[in-house]
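A short worksheet on the structure shown next.
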Amino acid sequence: MPVRTWVPPGPYDLHRTLCVLRRGPGDPAFAVRGAEVWRACRTPEGPGTLRLVARPADGAVEAESWGPGADWLLERLPDLLGERDDPAELTARHRIVHAAHRRHPGLRLTRTGLVLESLIPSVLEQKVTSDEAYRAWRLLLQRHGERAPGPWERLRVMPEPRGWALIPSWEWHRAGVDAKRSDTILRAVRLAHRMEEAARMDLADATRRLTAVPGIGPWTAAETLQRVLGAPDAITVGDLHLPGIIGYALTGRRGTTDAQMLELLAPYEGQRHRAARLILLAGPAPPRRAPRFPVGDIARL
């Protein structure tokens, strides 16, 4: 059970930094228990579990790990916690961004270095509600993942690439995943090594690598690389809600398109994803005018 302590170079918010890795309530691979953050993942060295806890007395983060991937996780702990990220690179051009930046000085962009871990749940989130995607991720890990190393029995590690490829079609259906999304995941895991190489590329090359796979478009690539690379400019385009939220927060107007959102965020070139994160933290979201999109369940068909 290796242990490591990391001291952040400035203000730091452990939960806010790592919350983007959590795929909904009940995520079998990520959990928060009091002041602790737990993460289970499949590293190049095998399964690993990481327990993180912030120490308010000295501002440090203490980490301990278990499993074959334990040393790999601790070696890359500073990247995971955002050591290479610099929030000061953003210059606020709007009052709401300035206020959010000042209110959340400890927000840093995590850099996991693991592509499939973020790519697969991002594919599951294509064209469905968050609740549907979270349910699919939860059921697939519970049924086809493996128990994570360490003391917490609830945590699960996602399957290895061959394990994803062996999931039968009816299990995808039972999890509510249509053939288009499951086929995309199967194409990606067959190219697992090529996909993981994107973690060592710059944003443009990594985007080209991921989007070369049919079924992976700019939306999925951005959602993945925000987490894998800690890319501050990986703004999500093609999202159902994001343009409306950004547009309403910055202009007070509804109906913002992707093109208009990019125009509004142009002053943050190089930091557009960070600016969007801060706007989402600050709100306000546009008032809802229609009922929430109904949750589908193809498993009942």
Side-chain angles (χ1 to χ4, degrees), residues 10-13 16-22 79-113 115 118-119 121-123 125-126 130 198-211 216-286:
Y12 190 73
D13 187 329
R16 192 74 72 185
T17 296
L18 297 185
C19 69
V20 295
L21 302 180
R22 185 179 195 171
D79 273 352
L80 179 72
L81 298 179
E83 183 174 79
R84 279 200 270 175
D85 181 50
D86 185 3
E89 291 183 0
L90 180 139
T91 300
R93 305 294 184 183
H94 298 85
R95 185 175 300 174
I96 191 171
V97 176
H98 175 75
H101 204 200
R102 186 176 58 186
R103 193 175 302 123
H104 302 284
L107 171 65
R108 289 178 175 266
L109 302 182
T110 184
R111 185 185 184 108
T112 68
V115 176
S118 292
L119 177 61
S122 295
V123 173
E125 292 173 10
Q126 294 176 349
S130 296
R200 300 184 292 277
M201 298 177 178
D202 63 24
L203 177 60
D205 288 342
T207 299
R208 282 191 287 271
R209 174 62 58 87
L210 296 190
T211 55
I216 299 176
W219 183 92
T220 305
E223 289 289 310
T224 301
L225 297 174
Q226 288 164 6
R227 298 163 171 87
V228 175
L229 300 179
D233 200 45
I235 184 65
T236 303
V237 175
D239 192 83
L240 182 62
H241 304 292
L242 185 64
I245 295 172
I246 299 295
Y248 187 79
L250 296 184
T251 70
R253 296 192 296 270
R254 294 174 173 273
T256 302
T257 65
D258 274 325
Q260 291 168 334
M261 176 186 72
L262 293 177
E263 185 176 348
L264 289 170
L265 293 177
Y268 300 101
E269 187 75 33
Q271 295 286 318
R272 292 176 297 177
H273 169 53
R274 190 192 311 279
R277 283 283 306 274
L278 290 169
I279 292 168
L280 290 173
L281 285 174

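Keep in mind it's a predicted model, so treat the numbers as computed, not measured. If you read the sequence from its start, that first residue is 1, and numbering goes on from there.
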- request: Check step by step if side chain to side chain contact (heavy atoms under 4.5 Å, CB included) holds for Thr207 and Met201.
  value: CA-CA 9 Å; Thr207 299; Met201 298 177 178; over 6 Å; no
statement: Heavy atoms of Pro243 and Met261 approach each other most closely as CA-SD, 3.7 Å
message: Can you confirm whether Glu269 is buried at CD, in the sense that more than 12 heavy atoms of other residues, nucleotides or ligands lie under 6.0 Å from that atom?
response: yes
- prompt: Is any NZ, NE, NH1 or NH2 atom of the basic residue among Arg272 and Asp233 found under 4.0 Å from an Asp or Glu carboxylate oxygen of the other?
  reply: yes
query: When Glu223 is tested against each of Thr236, Val20, Leu119 for side-chain contact (heavy atoms from CB on, under 4.5 Å), which residue passes?
result: Thr236
- request: Determine, stepwise, if the pair Leu242 / Val237 fulfils side chain to side chain contact (heavy atoms under 4.5 Å, CB included).
  value: CA-CA 8 Å; Leu242 185 64; Val237 175; over 6 Å; no
query: Are any of the side-chain heavy atoms of Leu107 and Asp13 separated by less than 4.5 Å?
result: no
- request: State which residue, out of Thr256, Ile279, Asp258, fulfils the side-chain contact (heavy atoms from CB on, under 4.5 Å) condition with Ile246.
  value: Ile279
- prompt: Any idea which heavy atoms bring Ala198 and Val115 closest together, and the distance?
  reply: CB-CG2, 4.3 Å
task: Would you mind checking if Asp79 and Arg84 are paired as a salt bridge, meaning a charged N to carboxylate O distance below 4.0 Å?
output: yes
task: Please tell me if the side chains of Gln260 and Thr257 come closer than 4.5 Å, counting only heavy atoms from C-beta onward.
output: yes
query: Short question: side chain of Thr220, backbone of Ile216 - any donor-acceptor pair under 3.5 Å?
result: no
- prompt: So, the side chain of Thr110 versus the backbone of Leu81: is there a donor-acceptor pair under 3.5 Å, distance only?
  reply: no
Backbone of Thr17 reached by a side-chain donor or acceptor of Arg108 within 3.5 Å: no
- prompt: Measuring from Trp219:CH2 to Thr224:OG1, what's the distance to the nearest 0.5 Å?
  reply: 8.0 Å
message: Checking side-chain polar atoms at under 3.5 Å, does Gln226 have a donor or acceptor matched by the opposite partner on Ser118?
response: no
field: Distance, nearest 0.5 Å, that separates CG of Leu18 from CG of Leu80
entry: 5.0 Å
- prompt: Say you draw a straight line from CG of Leu281 to SG of Cys19; how long is it, rounded to the nearest 0.5 Å?
  reply: 7.5 Å
query: Do you know which two heavy atoms are closest between Asp239 and His241, and how far apart they sit?
result: OD2-N, 2.9 Å
message: Nearest 0.5 Å, please: how far is OH in Tyr248 from CZ in Arg254?
response: 6.5 Å
Show me, pair by pair, the donor-acceptor contacts under 3.5 angstrom made by side chains of residues 89-103, not counting sequence neighbours?
from   : atom 1 : to     : atom 2 : distance (Å)
Glu89  : OE1    : Gln271 : NE2    : 3.2
His94  : ND1    : Tyr268 : OH     : 2.8
His101 : NE2    : Pro87  : O      : 3.1

query: Given side chains that start at C-beta, do those of Leu109 and Arg227 come closer than 4.5 Å, heavy atoms only?
result: no
